[in-house]
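The analysis underlying the following values was restricted to heavy atoms, covering all of them including side chains, and did not include hydrogens, waters or symmetry mates.
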Amino acid sequence: MELRRLIGQTSPIQVYGDTDVEVEGLETDSRLVKPGYAFVAVRGTQTDGHKYIGKAVELGARVIVCEKLPESLAEGVTYVQYEDTVDATGKLATRFFGDPTKRMKLVGVTGTNGKTTIATLLYKTFRRFGYKVGLCSTVCNYIDGEPVPTEVTTPDAVTLNRLLGKMADAGCEYAFMEVSSHAIAQKRIGGLRFAGGIFTNLTRDHLDYHKTFENYRDAKKAFFDSLPDNAFAVTNADDKNGLIMTQNTKAAVRTYSLRSAADFKAKVLEESFEGMQLSIDGKEVFVQFVGRFNVSNLLAVYGAGIMLGRKQDEMLMALSAMRPVNGRFEVIRSPKGVTAIVDYAHTPDAIANVLTTINEVLRGKGQCWIVCGAGGNRDKGKRPLMAQEAVKGSDKVIITSDNPRFENPQSIIDDMLSGLTEEQRQGVISIVDRKEAIRTACTMAASGDVILVAGKGHEDYQIVEGVKHHFDDHEVIRDCFNAVK
């Protein structure tokens with residue numbers, strides 16, 4: 001794309017050099033720059049891209065986008081100066097990759113818990129209806145049926161627009177995307193046009209980055225504030241922040257609830273570990289999901305589908321055919337009658353929700369076990385709270401490692417235990433080795449008991465001292481169940 005066309009209407013402060021040059025590619029990572037590329041120098045949380053302008057020029061960059069010009073300007077290179085390159089990146093990426101969200105309907109899902117389930121079920125639902133559909137998710141990205149591995153919930157603006165561009169080029173009419181608070185605060189979604197937004201819930205998370213709950217909440221709210229007047233906003237009326245999210249949006253607001261009057265309403269009629277009989281807007285449907293938090297997720301999917309023009313019966317039939325997303329309340333049964341549940345729950349609220357669901361179905365007919373840990377190099381403040389919820393909702397607690405990353409695993413466990421009284425600690429088992437912790441629970445649990453293995457869900461790895469090692473909770477559980485018959 002010609003540089004003049006790329007930067008048109010993006011309001012740079014000034015331009016030094018030729019704007020008639022062809023831009024062959026766009027990158028914010030200097031290591032990925034190739035001859036003819038434009039390199040955008042972004043000030044990030046870890047490093048400042050301005051330090052790598054020289055490296056980008058050495059690799060053949062024809063265009064440098066920056067906030068501060070280098071002391072010497074390289075010959076044959078055009079420099080485009082912006083007040084805020086973070087803001088400019090999204091706009092430039094959107095234009096470079098052909099404004100993909102102008103060519104399809106993009107729906108964003110944000111909140112603390114439930115994003116993956118809702119986005120993935122919407123993706124599967126609309127594929128079921130016969131559309132070509134894209135998905136941007138924590139578990140995996142998809143260009144219709146083609147999987148594209150992912151490392152983060154919401155990629156950087158360039159990677160994201162490149163992916164959305166491929167979706168649009170492949171003929172996708174819809175795309176569903178998890179929108180993280182980091183992505184909103186860092187303007188990774190800048191320049192995208194959303195046809196709709198969904199709010200799930202808000203509990204403590206990512207305070208290592210946002211510092212305060214209010215900052216975290218406001219980052220989520222900014223997504224809805226930016227929705228256009230021809231979009232929709234489907235929000236959870238059962239969460240106290242649900243209506244706060246949409247109070248300043250221009251979008252058409254619809255609410256969903258299990259507890260109060262709302263545009264989309266559901267009630268649980270019967271439940272077991274096989275699924276639930278629900279009433280949704282007055283019509284009964286059986287779904288292969290468990291727990292009120294999943295009813296909330298399904299309502300969000302249902303509401304978004306209605307807002308996208310589908311009929312009630314179509315949406316209910318689609319929901320009845322869906323199965324849980326990988327690592328979200330997945331049930332594994334042992335030959336001796338023990339039930340294990342693998343769930344991504346990694347916040348105090350998520351742990352409380354899953355344990356509440358298990359106990360509601362158990363009704364005292366078996367014991368509830370939990371194996372859980374907390375991630376290293378993340379919000380330390382939630383660690384003792386997670387342990388408190390584990391003790392409050394379980395009969396037996398085993399605290400172990402999650403992804404220690406660069407932290408000492410025992411130190412993380414000690415942080416969790418610090419939230420418990422001396423008496424509570426006496427009843428808690430701590431085992432640093434996650435495989436051994438799961439094996440212990442599987443061996444000790446009796447017929448009729450339920451073991452929640454929380455925290456990693458879909459992940460098939462464990463990060464120890466910064467290195468990824470293969471580790472899959474599902475595999476460990478099945479091996480243990482097969483060994484204990």
- Task: Mind running side-chain contact (heavy atoms from CB on, under 4.5 Å) on Thr249 and Thr246 for me, showing each step along the way?
- Result: CA-CA 5 Å; Thr249 188; Thr246 57; 4.0 Å; yes
- Item | Between Ser418 and Asp415, a side-chain donor and acceptor under 3.5 Å | no
- Query: Within the distance-only criterion (no hydrogens, no angle test), does the side chain of Lys456 pair as donor or acceptor with the backbone N or O of Tyr461 below 3.5 angstrom?
  - Reply: yes
- Task: Scan side-chain atoms only and decide if Glu284 and Gln277 contain a donor-acceptor pair under the 3.5 Å cut-off.
- Result: yes
- Message: Is there a salt bridge (Lys or Arg N to Asp or Glu O under 4.0 Å) between Glu389 and Lys392? Walk through the geometry before answering.
- Response: CA-CA 5 Å; Glu389 294 297 347; Lys392 192 186 304 180; 3.7 Å; yes
- Message: How long is the straight-line distance from CZ of Phe481 back to OG1 of Thr443, given to the nearest 0.5 Å?
- Response: 9.5 Å
- Task: Compute whether any side-chain donor of one residue and acceptor of the other, for Ser260 and Ser257, lie under 3.5 angstrom apart.
- Result: yes
- Item | Residues Lys435, Asp479: salt bridge by 4.0 Å N-O rule | no
- Item | N/O donor-acceptor pair under 3.5 Å between Ser401 side chain and Val432 backbone | yes
- Item | Among Asp84, Thr89, Thr85, the one residue meeting side-chain hydrogen bond (donor to acceptor under 3.5 Å, both in side chains) with Lys187 | Asp84
- Message: For the residue pair Lys220 / Thr110, report whether a side-chain donor-acceptor contact shorter than 3.5 Å exists.
- Response: yes
- Query: Taking NZ, NE, NH1 and NH2 as the nitrogens, is one of them in Asp156 or Arg188 under 4.0 Å from a carboxylate oxygen of the other?
  - Reply: no
- Using salt bridge (charged side-chain N to carboxylate O under 4.0 Å, His left out) as the criterion, list what pairs up with Asp433, not counting sequence neighbours. none
- Is NZ or CZ of Lys124 both nearer than 6.0 Å to the six-membered ring centre of Phe176 and within 45° of the ring axis? no
- Hey, could you give me the CZ/CG distance between Arg43 and Asp48, rounded to the nearest 0.5 Å? 4.5 Å
- Query: Would you find a donor on one side and an acceptor on the other, under 3.5 Å apart, between the side chain of Ser180 and the backbone of Ala183?
  - Reply: yes
- Would you mind reporting whether Phe223 and Phe199 have side-chain heavy atoms less than 4.5 Å apart? no
- Message: As an exercise, state the distance from CE of Met167 to CG of Leu163, rounded to the nearest 0.5 Å.
- Response: 3.5 Å
- Between the SG atom in Cys368 and the CG atom in Asp395, the distance rounded to the nearest 0.5 Å is 6.0 Å
- Begin with the C-alpha distance, continue with both residues' side-chain angles, and end with the deciding distance and a verdict on side-chain contact (heavy atoms from CB on, under 4.5 Å) for His469 and Val464. CA-CA 7 Å; His469 303 271; Val464 182; 4.0 Å; yes
- Polar side-chain atom of Asp343 near backbone of Ala454 as donor-acceptor pair, under 3.5 Å: no
- Message: For a quick test of reading the model, state the closest non-hydrogen atom pair linking Arg217 to Ile244 and the distance between them.
- Response: CD-CG2, 4.4 Å
- Query: Hey, are Arg439 and Glu436 close enough for a salt bridge, meaning a charged N less than 4.0 Å from a carboxylate O?
  - Reply: yes
- Item | Trace of the side chain to side chain donor-acceptor pair (under 3.5 Å) decision for Arg328 with Thr116 | CA-CA 9 Å; Arg328 271 65 179 176; Thr116 300; 3.1 Å; yes
- Please step through side-chain contact (heavy atoms from CB on, under 4.5 Å) for the pair Thr117 and Leu121, ending with a clear verdict. CA-CA 6 Å; Thr117 293; Leu121 292 183; 3.7 Å; yes
- OG1 of Thr400 to CD1 of Ile429, rounded to nearest 0.5 Å, is 11.0 Å
- Message: Go through it in stages, so that I can follow the logic: the residues are Asp473 and Arg434, the test is side-chain contact (heavy atoms from CB on, under 4.5 Å), and I'd like the CA-CA distance, side-chain angles, deciding distance and then a yes or no.
- Response: CA-CA 9 Å; Asp473 286 347; Arg434 188 175 180 90; 2.9 Å; yes
- Item | Test log, rule salt bridge (Lys or Arg N to Asp or Glu O under 4.0 Å), inputs Arg292 and Glu360 | CA-CA 10 Å; Arg292 279 162 176 72; Glu360 284 173 349; 3.0 Å; yes
- Item | Polar side chain donor-acceptor pair, Tyr142 to Ser137, under 3.5 angstrom | no
- Task: Just jot down the ring-ring contact (aromatic ring centres under 6.0 Å, His included) partners of Phe129, sequence neighbours excluded, or say none.
- Result: Phe126
Quick one: side chains of residues 404-411, donor-acceptor pairs under 3.5 Å with protein atoms, not counting sequence neighbours, listed by atom name and distance.
residue, atom, partner, partner atom, Å
Arg405, NH1, Gly376, O, 3.0
Glu407, OE1, Arg383, NH1, 3.3
Glu407, OE2, Asn377, N, 2.6
Glu407, OE2, Arg383, NH2, 2.6
Asn408, OD1, Gln410, N, 2.8
Asn408, OD1, Ser411, N, 3.4
Gln410, NE2, Asp414, OD1, 3.0

- Query: Can the ring centres of Tyr344 and His458 be said to be less than 6.0 Å apart?
  - Reply: yes
- Going through the distances and angles, do Asn294 and Asn297 end up as a side chain to side chain donor-acceptor pair (under 3.5 Å)? CA-CA 5 Å; Asn294 266 326; Asn297 292 337; 3.3 Å; yes
- Message: salt bridge (Lys or Arg N to Asp or Glu O under 4.0 Å), that's the test. Do Arg127 and Asp144 meet it? Break it down for me.
- Response: CA-CA 8 Å; Arg127 288 197 78 207; Asp144 202 28; 3.1 Å; yes
- Item | Salt bridge present between Glu27 and Arg162 (N-O < 4.0 angstrom) | yes
- Should Lys221 and Asn241 be marked as a side chain to side chain donor-acceptor pair (under 3.5 Å) after you check the CA-CA gap, both sets of side-chain angles, and the distance that decides it? CA-CA 9 Å; Lys221 183 178 180 298; Asn241 292 288; over 6 Å; no
- Message: Testing Thr120, Val301, Val287, Thr125 one by one against Met322 for a side-chain contact (heavy atoms from CB on, under 4.5 Å), which residue passes?
- Response: Thr125
- Query: Taking the side chain from Asn236 and the backbone from Thr200, do they hold a donor-acceptor pair closer than 3.5 Å?
  - Reply: yes
- Can you tell me if Thr339 and Arg333 form a side-chain donor-acceptor pair at under 3.5 Å? yes
- Do the rings of Tyr302 and Phe264 sit parallel, tilted or perpendicular, given the 30° and 60° boundaries? perpendicular
- Message: Parallel, tilted or perpendicular: which one describes the rings of Tyr131 and Tyr174, with boundaries at 30° and 60°?
- Response: perpendicular
- Message: Would you compute the distance between atom CD of Glu274 and atom OG of Ser272 and round it to the nearest 0.5 angstrom?
- Response: 4.5 Å
- Message: Any donor-acceptor pair under 3.5 Å linking the side-chain atoms of Gln462 with those of Asp402?
- Response: no
